Number of protein chains: 4
Amino acid sequence: MTHNTFGHLFRMTTWGESHGPALGCVVDGCPPGIALTEDDIQPWLDRRRPGQSRYTTQRREPDRVRILSGTYEGVTTGTPVSLMIENTDQRSKDYGDIADKFRPGHADYTYWAKYGLRDPRGGGRSSARETAARVAAGAVARKVIAAAGMEVRGAMVQMGARGIDPERWDWAQVAENPFFCPDGETAEAWAHDLDRIRKAGSSVGAVIEVRAMGVPAGLGAPVYGKLDSDLAAALMSINAVKGVEIGAGFASAALTGEENADEMRKGADGAPEFLANHAGGILGGISTGQEVVARFAVKPTSSILTPRRTLDRFGQETEIVTKGRHDPCVGIRAVPVGEAMLALVLADHLLRHRALGQGDGGRGWD
Amino acid sequence: MTHNTFGHLFRMTTWGESHGPALGCVVDGCPPGIALTEDDIQPWLDRRRPGQSRYTTQRREPDRVRILSGTYEGVTTGTPVSLMIENTDQRSKDYGDIADKFRPGHADYTYWAKYGLRDPRGGGRSSARETAARVAAGAVARKVIAAAGMEVRGAMVQMGARGIDPERWDWAQVAENPFFCPDGETAEAWAHDLDRIRKAGSSVGAVIEVRAMGVPAGLGAPVYGKLDSDLAAALMSINAVKGVEIGAGFASAALTGEENADEMRKGADGAPEFLANHAGGILGGISTGQEVVARFAVKPTSSILTPRRTLDRFGQETEIVTKGRHDPCVGIRAVPVGEAMLALVLADHLLRHRALGQGDGGRGWD
Amino acid sequence: MTHNTFGHLFRMTTWGESHGPALGCVVDGCPPGIALTEDDIQPWLDRRRPGQSRYTTQRREPDRVRILSGTYEGVTTGTPVSLMIENTDQRSKDYGDIADKFRPGHADYTYWAKYGLRDPRGGGRSSARETAARVAAGAVARKVIAAAGMEVRGAMVQMGARGIDPERWDWAQVAENPFFCPDGETAEAWAHDLDRIRKAGSSVGAVIEVRAMGVPAGLGAPVYGKLDSDLAAALMSINAVKGVEIGAGFASAALTGEENADEMRKGADGAPEFLANHAGGILGGISTGQEVVARFAVKPTSSILTPRRTLDRFGQETEIVTKGRHDPCVGIRAVPVGEAMLALVLADHLLRHRALGQGDGGRGWD
Amino acid sequence: MTHNTFGHLFRMTTWGESHGPALGCVVDGCPPGIALTEDDIQPWLDRRRPGQSRYTTQRREPDRVRILSGTYEGVTTGTPVSLMIENTDQRSKDYGDIADKFRPGHADYTYWAKYGLRDPRGGGRSSARETAARVAAGAVARKVIAAAGMEVRGAMVQMGARGIDPERWDWAQVAENPFFCPDGETAEAWAHDLDRIRKAGSSVGAVIEVRAMGVPAGLGAPVYGKLDSDLAAALMSINAVKGVEIGAGFASAALTGEENADEMRKGADGAPEFLANHAGGILGGISTGQEVVARFAVKPTSSILTPRRTLDRFGQETEIVTKGRHDPCVGIRAVPVGEAMLALVLADHLLRHRALGQGDGGRGWD
C-alpha cells in the first residue's frame, strides 16, 4: 500500500504510462497450484476495454495480456506472475497542448509540483489506463478467492443525479447494457442523459457498488489492517474516486442505534443469520459472513470541451480545452476496476487470515 | 497499515485493551530535534477524554500520558517514542453479561469467529479506548507537521439527520460547545436532540469534517500511496466509521465536469490560486496546496438500552441489553481522533516526500 | 525489518534507551490461543541478565517483565502483546565523560552525525540493553514455534582465538558454565583467558552458533524473503555483530561441488535423510527439514580501560577511557539474543508459510 | 525485503524464470530527474553475462534490457521503472532429467516441499538467471547514489582455498582478467586452478568483496533497519551465498578491544579521519563516512559431472549427474551481483535518510 504496490501477502505492483510502450503488473504472493492462463484474465480486460460503446473513449486498444512468468504448464508455481499489456494506440499528437498547461481537475499540476517534471502524454502515470493492470491482477485474485468460495460483482448505481431503484436490482441486467446497470429502466434513462452530456462535450459523475459473496466470517484484522480500512484505501486509489462507504455508509449518520443494529438469529443450517446488513458485512474490521457491500463515488471526467481557466508551467494565466478522446462518464469503466480492487483485498486478507492457522474463516459453536 | 501499525516512515504501533492495565503506542520514525514533553500531548488527550459532559460516557479515566523513550532533555532523538496511558477505571463487572452473548453492531461475533476466543471486557481490543493511543501519537505528528507549517482541525458537521449550516461555520465555536460544532445555533439544537436520545437509552450517528491548513503542493504519491487513499484507510480504521469522502465527495457524482473543475489563477503572491476546492486539496493522490478536506460518517453507538435479538457463543438465540456507560453519540469523541489520523497521514507523507530530495513540496515556475 | 520493527507477520517493535525509565516491545501478529504468562518469558530474560558471573557487566537489573496487553486469562487473543521492563539501575554518573567525546567502536559518532544530537546516557538506544526486549519477544516466538514442533538452542563456539572442539559438543554443558559453552574443557580454558583479559581492562570477541530443531521442510520464500536472508538480517542487527554464516558458511568457499553436495537417501521413516548438512538446513532460501544452523561473529567490547584517541563533538582531538561497568566479552550475553532472533525469524516464516494454505511444511511423495 | 521485493523506499521487484519468455524487474521509488537510458544499464548486464570466458556457462544470452516505463525523454519521472530482458537461449532439453529428481545442493527439493510443484526448467525461479534483473535494477541504483557522490566496486578475493594478497590489490586489474581479481598474480594461478576443476567436471567456491566509496556519515538506522543488517540480507539473498561479513568480520572474534578500536583524528580538511577500518564503515548500523566494506562467501556450483545420490519425487533412491551448461565457479559472476545489491541498499538508505530532513548525511561540529 505504498508506492506502486498494493497488498501485503497477495501483492500487485503496477507500472506503465498511458503512452509508453506497455503497461503491466507483477502479482506476487499468489499461492501455487491454481490453474491460470491468459484466458482467465482476458475476459475481464475486455469488459473494461475502451471503445466498446459510444459512451466510452474511442481510443482503441486491443489490451491483449501476456503472462511472462509465474506459471508452469498452466498452473501457478508460487513465484511472481508478471503480466504485460502492450500499448498500440498511442496517438500522442492529441495531447500536445497539455504539455505546458495544467488541466483543471487532472493531476498535471500536482505531478509537476511534486516531481519537478512530468510525462505529459495522456496523463502519463496518472492516466486511467493504469487500471488495466489492476483488472489483470484482479483476475488472478478472482481465481484465488474463487478457490475459497468467494466471488465479486459490481454495478453502477447512480449516474449524475439519477440513481437506480434498488427494488429493481437484477444482476442479470448488468451484462445487458453499456452501463453495468442492474436496473433496466434506469439504464435507458441514463442512455438519454449521457447522449446529451456527450454531445455537449460535458461529463458527469457516478456511484459504483461492489459486493462480495461467499466471504467467510473472520477475514480482516484489527486495527490498521481492517478489511474496510484496506477496502477504503483500495477504492480511493482508483482514479477520480472521491468517496467510499461500507454498508449503510453515510446514511448511517442519520440512523438510531436501534435501526442500525443488525440483529442475529440462527439460520436453517445452524449458521448465524443476520436480519439486516447495515454493517456491509464488516464489524470491527472483520467480516461477519454476510455479503461485503461497498460503494464509491467517481467525479465527472475532468476532460471537457468547455474552456476552463488555468495556469501554464511558466506561471502565466491561460485557458484550456481538452480535445482528446475521453469518457463522458469514467464511472462506467470504473465498475470492473472496483471489482478487481475488492477481489485483491479479499485475496490478501484470505492469505493473512490463513497465516494465523485458524482455518479459512468462521468457527463452530462452543 | 497492517496489523496494529499505521504509517510507513512516520509509524504508530498501538496496543492495549479496554480493561487491561494500560494502553499505549510506539511512535517510530519521528525526526530528531523536535521539542516534545508530556505537556505537548496531554491537552489533546484531555479533549478526547470521556466524562467531560453529559453527552459522553461517564467512565472516568484521567488518561495521563507518560513518555517512556525517544526524548532526551525534552527533545526527540530520532529513536522510538513510547507512550503509555494507564487504565484506572476498569469496572469489569459492568460487562459480565456480554462474555457469552454477541452484541449486535459490535465486533463481539467477528473477533470470536476470527480468533476462536476473545477478551470480553469492554470490547477488549475493539473498544474505542484504543483511540486514546491514536490521539497521543497524533499529538507527536502535530509537532512534526507544525514544523513544516501545517495544522489540522476538525468539527462535527452532522448529528443524526441534522447538519450544520456551512454559512455559519466559525472555528471559534468549536471549543465553545460539547459537540465540537462550528455552528453555535446547530449546537443548541443538537443539545436538545441528544438529551432526548440519551434519556431514551438510544444513540445516533454523525459526520465529522477534518481539514489541514498549510499543506504544500506535492505531498502524496501515485498510485497506491495516494494521500487520499492513505487518508481513507486512516479514517475508516476509526471505530464505527462507515464512510469517508474527500472534497466534494459523494456529491461530486451529481456534478458536471464544468462544475467540478477547480479553475486556477495566479494569486497576489504569484502562487497558484484555485477558484474552488471540489478536489478537497488532492488531485491524482497529491496535494494541490489548498486545504485538505475530508469527512467521515460514524454510525450510531451500538450499545443501547432497547433489547436486541442475538446469539450466544453456544449458538443459542437470545436477547441482549447493553447496560454499560456509553456515549449516545460516539461521533463527538471521534473529532479529535479524526484530527489525529489526518496529522499522522500528513507526517508520514511529509517524510515520504522528503525522501525524494525535492524539498518540502511545491516548486517554482519554469 | 525497518526502523525499530522486525518481522512481517509475526512482528516485534522494540523501544527504550539504556537509561530511560523503561524499555519494551510490542509483539504483533501472535496467533490466538497460545498459553502465555510472565513465567514463560522471565526465565529467558534471566539467562541474559547482566551481573550473573564475574564475566558480565556488574550493572544489576532485575529485568522483571510485565505483560500489558494481548492476553486474556493467560492465553493470547491475537491482539498485540505489549511487554515492558523497567530500568532500575541507571547510574548515569558513570557515563558523564562520554557526553562530548565519541567512543571509538561505539555508535556515538554515527548517531550524532545522523541525528544531529544523541542521548549519551549509556549509549542510549544503541546500548545492548535493547536486546532485553528481543529476548522477551523471542520468548513469545518460542511458544509459537514450539506449537509447531520447533525449538531453538545456542552456544558460544569461539572466544578470542580459541574455538571449541566440535567433537566434544554436549548440549548439557551449555547450562553448566558461564559461557554457554558446549565443550566443558574449552569452558575452563576460556575462564582463564577471560580472567586475564578482564583484569587487563581489555576485551575480546566471540563466535556464537544457533540451531533450530524440528523445522519442517518448506519454510522460507524466494527471493528477498529467503529464510537465510532474513536470518542474516536478524543476526546482523544484534549489537557488535560483524559476520553471519549459514551451514558451512565461509568454509564453503574452499570446498568442491562434490564435497559440498548434501546427498539424499530415504530414512527409516520414509522421510528424506541428508547425508551431510553443509547447507545448514536451507537451500534456495527454503528449509530442507534438517537442523537450521547459523553462526555469527561478535566483535570485542569497545569499552576498554586503555586510552584511545578520538574526537569530541567540537571537532577537537582528545583521548577517552571508558570506565563504566562492561562485559569483557559481550559475545557471552549474545547467545540468548541470537536464539531469540532465530525464534523470531522462524515464527514469522511459519506464519508466512501458512498463508499459502499448504499446511505447516513438507509434503508427501507423488 | 519480502516476497520478490527488495528495499523500502527505493524498491526492486523482480520476476521471471530461467526458461520463461522473459525476466525483469520494477524499480519503484526512483527519484525524478535522473538521466536514464538503456545505455546506462546495458554495460553492467554485459559484465555479468554468461559465455564471456571459458570459466562461465556457455549458455549464450544477449541479455538486452528494455526500459518499458518510468522515463520521459531520457529522464526518470518518479514513476516505476519497468525493465525487461527477453530469454532467447532456453534449450529446455538440457534439463529433462531433473524434472523428477532432486539435485543435491539445488533448491529442487525445497521448492517442491514448499509449493507442492515446481518449474523444473533450469531451476525455474531459483536459477541464478534472476540475478540479471538485480544487476539491471542495480544500474539504476548506481545512478541515484552517484548523484550523491557514491560509487560501488567489487572484486573476487578468494577462489577455492586460494586468496589474493591484499598488498597487491589494484582496482585496475579487476577489468583485466576473467575473475574480477584485483591481484594479477593470483588471477593467473586461478586460471590454472579453474581449468583443472572445469575439466574434471567439478566446481569450487569463492569469496567476493564489495566496497562503497563516498558514503557520507549518517546513512543507516537503528535497530532493525541497520545498514549492515540490510546489507547482510541483500548479499545473503544472492544464490549460493552462505556467509556475509562487514569490515573485519569473523576475524574480529579473535581481536582485542584495543586492536579493534578504529581511533579517530582530525583530517587535513577538518573532517574526522579514522586510523583503521575494522568496522567496515558502519557503527551501530550507521555509516561512519569511511569506505563500506563487505564480503560474502559463495558455495561451489552444485551442478557437477560426478554422480550424486539423491531421491526422486516418488520417494525413490536414485543418482543424478547434472549435464547442463554451468559455471565451474559461480562466484565469478556473483561480483557484479554483489555490487548491484550494495548499490540498491545504499540508494534505499539514502532516501530513508533524506526523509528525516537532516540533509544527505554528516553534520558540522558543534
Side-chain angles (χ1 to χ4, degrees), chain C residues 1-4 6 8 104-105 107 110 113-114 116 125-126 158 161 202-203 205 207 217-218 222-226 228-229 232-233 236-237 242-243 245-246 249-250 252-254 256-258 260-261 263-264 266 283-284 286 297 299-300 304 306 308-311 313-315 362-363 365-366, chain D residues 1-4 6 8 104-105 107 110 113-114 116 125-126 161 202-203 205 207 217-218 222-226 228-229 232-233 236-237 242-246 249-250 252-254 256-258 260-261 263-264 283-284 286 297 299-300 304 306 308-311 313-315 317 362-363 365-366:
Chain C
M1 320 261 187
T2 184
H3 289 60
N4 294 277
F6 183 84
H8 295 279
T110 54
K114 181 173 192 71
R125 180 72 181 149
S126 70
Q158 182 184 327
S202 184
S203 66
V207 177
V223 179
Y224 305 112
K226 285 176 172 166
D228 39 0
S229 180
M236 193 66 92
S237 78
K242 301 305 284 185
E245 60 182 13
I246 308 291
F250 275 88
S252 64
T256 64
E258 291 76 12
N260 189 62
E263 294 181 299
M264 297 176 80
K266 204 166 171 172
L283 284 173
I286 300 170
K299 70 180 183 183
I304 48 177
T306 308
R308 293 283 95 183
R309 288 172 290 173
T310 191
L311 300 176
R313 67 189 172 93
F314 310 104
R363 59 154 289 184
W365 302 114
D366 275 338
Chain D
M1 320 264 186
T2 184
H3 288 61
N4 295 276
F6 183 84
H8 295 278
T110 55
K114 180 173 193 71
R125 180 70 181 150
S126 71
S202 183
S203 66
V207 176
V223 177
Y224 305 111
K226 284 176 172 167
D228 40 359
S229 180
M236 193 67 93
S237 78
K242 300 304 285 185
V244 178
E245 60 182 12
I246 309 291
F250 275 87
S252 63
T256 63
E258 291 76 13
N260 188 62
E263 295 181 298
M264 297 177 79
L283 284 173
I286 300 171
K299 71 179 182 182
I304 48 177
T306 308
R308 296 281 93 185
R309 289 173 289 175
T310 191
L311 299 176
R313 66 188 172 94
F314 309 104
E317 300 192 337
R363 58 156 289 185
W365 303 113
D366 276 338

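Naming: A, B, ... by sequence-line order, numbering from 1 per chain. Computed from a prediction, not measured in an experiment: that's the story for all the values here.
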Contact leader toward chain D among C/Gly249, C/Ser229, C/Gly116, C/Ala261, where contacts are heavy-atom pairs under 4.5 Å
C/Ser229
Scored by heavy-atom pairs under 4.5 Å with chain C, the best of D/Lys299, D/Arg125, D/Arg313 is D/Arg313
Give, as side chain, backbone, both or neither, the part of D/Ile304 having an atom under 4.5 angstrom from any heavy atom of chain C.
side chain
Work out which heavy atom in D/Trp365 is nearest to a heavy atom in C/Leu311; give both atom names and the distance.
CH2-CD1, 3.7 Å
Let me confirm one number: the CG-OG distance from C/Leu283 to D/Ser126, rounded to the nearest 0.5 Å.
9.5 Å
For each of D/Gly315, D/Ala232, D/Ala297, tally heavy-atom pairs with chain C at distances under 4.5 Å, and name the one with the top tally.
D/Gly315
Are C/Arg308 and D/Glu258 close enough, and set up right, to give a side-chain contact (heavy atoms from CB on, under 4.5 Å), and what steps lead you there?
CA-CA 8 Å; C/Arg308 293 283 95 183; D/Glu258 291 76 13; 4.3 Å; yes
For C/Val223 against D/Ser237, the heavy-atom pair lying closest together
O-CB, 3.6 Å
Which region of D/Thr256, side chain (C-beta onward) or backbone (N, CA, C, O), has a non-hydrogen atom less than 4.5 Å from a non-hydrogen atom of chain C, or is it both or neither?
both
With chain C, which of D/Ala161, D/Ala113, D/Ala107, D/Ala217 has the greatest number of heavy-atom pairs at distances under 4.5 Å?
D/Ala113
Could you walk me through whether D/Phe250 and C/Gln158 satisfy the side-chain contact (heavy atoms from CB on, under 4.5 Å) test, starting with their C-alpha distance in whole Å, then the side-chain angles of each, then the deciding distance to 0.1 Å, before giving a yes or no?
CA-CA 10 Å; D/Phe250 275 87; C/Gln158 182 184 327; over 6 Å; no
Among D/Glu245, D/Lys226, D/Met236, D/Glu263, the residue with the most heavy-atom pairs under 4.5 Å to chain C is D/Glu263
Which one wins on heavy-atom pair count under 4.5 Å against chain D: C/Gly284, C/Gly105, C/Pro104, C/Gly257?
C/Gly257
Closest heavy-atom contact between D/Glu317 and C/Lys266?
OE2-N, 2.7 Å
On a heavy-atom basis, the closest approach of D/Thr110 and C/Ile286 is CG2-O, 3.4 Å
Backbone N or O of D/Gly218 within a donor-acceptor pair of the C/Lys114 side chain at under 3.5 Å?
yes
